[in-house]
Amino acid sequence: MTTSPPLPQHERDAESVAGHWLLARVGKKVLRPGGRELSEWMVNSAEISGKRVVEFAPGLGLTASLLLEEGPSSYTGVDSDADAVEVTRSAIGGRGDMVVATAQETGLEKASADVVVGEAMLTMQGDSTKEKIVAEAARVLDTNGRYLVHELCLVPDDLADEIKTGIRRDLARSIRVNARPLTVAEWTGLFEAAGFEVEATELRPMGLLQPRRMIADEGIGGVARIVWNLIRDSDARKRVLAMRKTFTTHDEHINAVGFVLRKR
């Protein structure tokens, strides 16, 4: 029997592990804020067939599998966590390559990709690192290449700074990652400053832990497995319920957003 590789941060207890890896630990497969639906929208919005694809921080490999189903000429996943690389490699088999490197310094050649994909990873970075990662996407992309992005966003664009600060503080405390989501206008400004133009934008509710979204993403059997794991692990259950409370408290101002960007 093949043994699955350990998840990242597997040595940490339920109180300290990053929220997305805790959810993976209890059986959640879809870890993106807009769910499988927004990932599929993003992939379907770009011509993947025959293209050279690079994905930053592919996680459990769900979007990697969606991309590979479209028949790219090549697929390369990049992650700084060696355990995460092994998880994705297990998910995609021999259908692509994996690189242990940061998204801001991938080590890939200039203009070596036609499509770069990044989901739920820019939000987890400070402003300067966001800029470096987006600049690296631009460097790796060939002219007219597409950058596909799926992240958390704050709404509306004129949301007061004190509300933004409160949301970011509560997210950081809940998910144990210094999450810094931006408004759509702020995301757009970040991308345009790096030489991208926005071809399409799509908003979705951030329903990561809402029953309807979970059933759509995981199926009835998957949700049952997650619930059973949470029943058996009181520490994990406490953390997940706290994350859900944070998301629910701020649901008026938190969305998921997808971008299709073209390198000018």
In the structure I gave you, are the side-chain heavy atoms of [X] and [Y] within less than 4.5 Å of one another anywhere?
{"X": "Val177", "Y": "Trp21", "value": "no"}
{"X": "Leu171", "Y": "Thr123", "value": "no"}
{"X": "Val99", "Y": "Thr106", "value": "no"}
{"X": "Ile254", "Y": "Pro181", "value": "no"}
{"X": "Pro5", "Y": "Asp83", "value": "no"}
{"X": "Pro33", "Y": "Leu208", "value": "no"}
{"X": "Lys130", "Y": "Leu182", "value": "yes"}
{"X": "Val26", "Y": "Asp233", "value": "no"}

Testing the basics here: between [X] and [Y], what is the closest heavy-atom pair and its distance to 0.1 Å?
{"X": "Ala138", "Y": "Ala194", "answer": "CB-O, 3.8 Å"}
{"X": "Gln9", "Y": "Ala18", "answer": "OE1-N, 2.8 Å"}
{"X": "Arg95", "Y": "Ser65", "answer": "NH2-OG, 3.8 Å"}
{"X": "Ala236", "Y": "Ala14", "answer": "N-CB, 3.7 Å"}
{"X": "Gly77", "Y": "Pro58", "answer": "CA-CG, 4.3 Å"}
{"X": "Asp81", "Y": "Pro8", "answer": "OD2-CB, 3.6 Å"}

Can you measure from [atom1] ([X]) to [atom2] ([Y]) and round to the nearest 0.5 angstrom?
{"X": "Met121", "Y": "Asp79", "atom1": "CE", "atom2": "CG", "answer": "8.0 Å"}
{"X": "Leu159", "Y": "His253", "atom1": "CG", "atom2": "NE2", "answer": "5.5 Å"}
{"X": "Ile175", "Y": "Asp170", "atom1": "CD1", "atom2": "CG", "answer": "11.0 Å"}
{"X": "His20", "Y": "Leu7", "atom1": "NE2", "atom2": "CG", "answer": "10.5 Å"}
{"X": "Ile226", "Y": "Leu23", "atom1": "CD1", "atom2": "CG", "answer": "8.0 Å"}
{"X": "His250", "Y": "Ile167", "atom1": "NE2", "atom2": "CD1", "answer": "5.5 Å"}

Without swapping roles, check the side chain of [X] against the backbone of [Y] for a donor-acceptor pair under 3.5 Å.
{"X": "Asp217", "Y": "Arg36", "answer": "yes"}
{"X": "Trp187", "Y": "Leu152", "answer": "yes"}
{"X": "Arg237", "Y": "Ile231", "answer": "yes"}
{"X": "Lys263", "Y": "Leu141", "answer": "yes"}
{"X": "Arg213", "Y": "Pro205", "answer": "yes"}
{"X": "Arg239", "Y": "Ser174", "answer": "yes"}
{"X": "Asn229", "Y": "Arg225", "answer": "yes"}
{"X": "Arg168", "Y": "Arg180", "answer": "no"}
{"X": "Asp157", "Y": "Ala185", "answer": "yes"}
{"X": "Glu47", "Y": "Ser49", "answer": "yes"}

Query raised in the report: Is it true that atom CD of Glu105 has more than 12 heavy atoms of other residues, nucleotides or ligands lying nearer than 6.0 Å?
Result: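 Not more than 12 within 6.0 Å, no.
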
Query - Within 6.0 angstrom of Glu11 CD, more than 12 heavy atoms from elsewhere - result: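 Result for CD/Glu11: enclosed.
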
Query raised in the report: Can you tell me if Ser16 and Asp13 form a side-chain donor-acceptor pair at under 3.5 Å?
Result: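 Asp13 and Ser16 do have a side-chain donor-acceptor pair below 3.5 Å.
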
Query raised in the report: Do we see a donor-acceptor contact under 3.5 Å between the side chains of Thr63 and Glu119?
Result: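 Result is yes, a qualifying pair exists.
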
**Report entry** Residue pairs involving residues 68-117 (criterion ring pair (Phe, Tyr, Trp, His ring centres under 6.0 Å); sequence neighbours excluded)
**Finding:**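 Found none.
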
Report task. Sequence neighbours left out, what pairs pass ring pair (Phe, Tyr, Trp, His ring centres under 6.0 Å) with at least one residue falling in residues 143-180? Result ->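 Applying ring pair (Phe, Tyr, Trp, His ring centres under 6.0 Å) to every pair that reaches into residues 143-180, excluding sequence neighbours, yields Tyr147-Phe196.
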
Are [X] and [Y] connected, step by step, through hydrophobic side chains (Ile, Leu, Val, Met, Phe, Trp, Tyr) whose heavy atoms are closer than 4.5 Å?
{"X": "Ile48", "Y": "Val78", "result": "no"}
{"X": "Leu66", "Y": "Leu60", "result": "no"}
{"X": "Met206", "Y": "Leu203", "result": "no"}
{"X": "Met124", "Y": "Val17", "result": "yes"}
{"X": "Ile92", "Y": "Leu108", "result": "no"}

**Report entry** Steps toward side chain to side chain contact (heavy atoms under 4.5 Å, CB included) verdict (Thr129, Thr102)
**Finding:** CA-CA 11 Å; Thr129 305; Thr102 66; over 6 Å; no

Query raised in the report: With sequence neighbours left out, what residues match Lys28 under salt bridge (charged side-chain N to carboxylate O under 4.0 Å, His left out)?
Result: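 Per chain and number, Lys28 pairs via salt bridge (charged side-chain N to carboxylate O under 4.0 Å, His left out) with Glu218.
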
Query raised in the report: Yes or no on side chain to side chain contact (heavy atoms under 4.5 Å, CB included) for Thr248 and Gln210, after CA distance, side-chain angles and deciding distance?
Result: CA-CA 9 Å; Thr248 301; Gln210 295 299 325; 3.6 Å; yes

Query raised in the report: When you look at Glu15 and Arg176, which way does the salt bridge (Lys or Arg N to Asp or Glu O under 4.0 Å) test go after all the steps?
Result: CA-CA 9 Å; Glu15 178 61 25; Arg176 307 294 192 268; 2.3 Å; yes

**Report entry** Chi angles and distances behind the side chain to side chain contact (heavy atoms under 4.5 Å, CB included) call for Thr165, Glu162
**Finding:** CA-CA 5 Å; Thr165 299; Glu162 59 267 25; 5.6 Å; no

Query raised in the report: In this structure, which one of Asn44, Val43, Leu38 forms a side-chain contact (heavy atoms from CB on, under 4.5 Å) with Trp41?
Result: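 The single option meeting the side-chain contact (heavy atoms from CB on, under 4.5 Å) with Trp41 is Leu38.
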
Query raised in the report: salt bridge (Lys or Arg N to Asp or Glu O under 4.0 Å): which pairs involve residues 137-152, sequence neighbours left out?
Result: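 The answer is Arg52-Asp142, Glu136-Arg139, Arg146-Glu199.
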
Requested in this report: Evaluate the side chain to side chain contact (heavy atoms under 4.5 Å, CB included) criterion for residues Val240 and Leu230: first the C-alpha distance (whole Å), next the side-chain angles of each, then the deciding distance (0.1 Å), finally the verdict.
Outcome: CA-CA 8 Å; Val240 171; Leu230 291 175; 3.8 Å; yes

Query raised in the report: Transitive ILVMFWY cluster of Leu241 at side-chain heavy atoms under 4.5 Å: who else is in it?
Result: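 Same cluster as Leu241: nobody, lone residue.
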
Report task. State which residues pass side-chain contact (heavy atoms from CB on, under 4.5 Å) with Val198; sequence neighbours excluded, sorted by chain then number. Result ->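 Testing Val198 for side-chain contact (heavy atoms from CB on, under 4.5 Å), a comparison that skips the adjacent residues, returns Thr188, Thr201, Phe259, Leu261.
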
Query - Ion pair Lys164/Asp161, N-O distance below 4.0 Å - result: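 Between Asp161 and Lys164 there is a salt bridge, with a charged N closer than 4.0 Å to a carboxylate O.
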
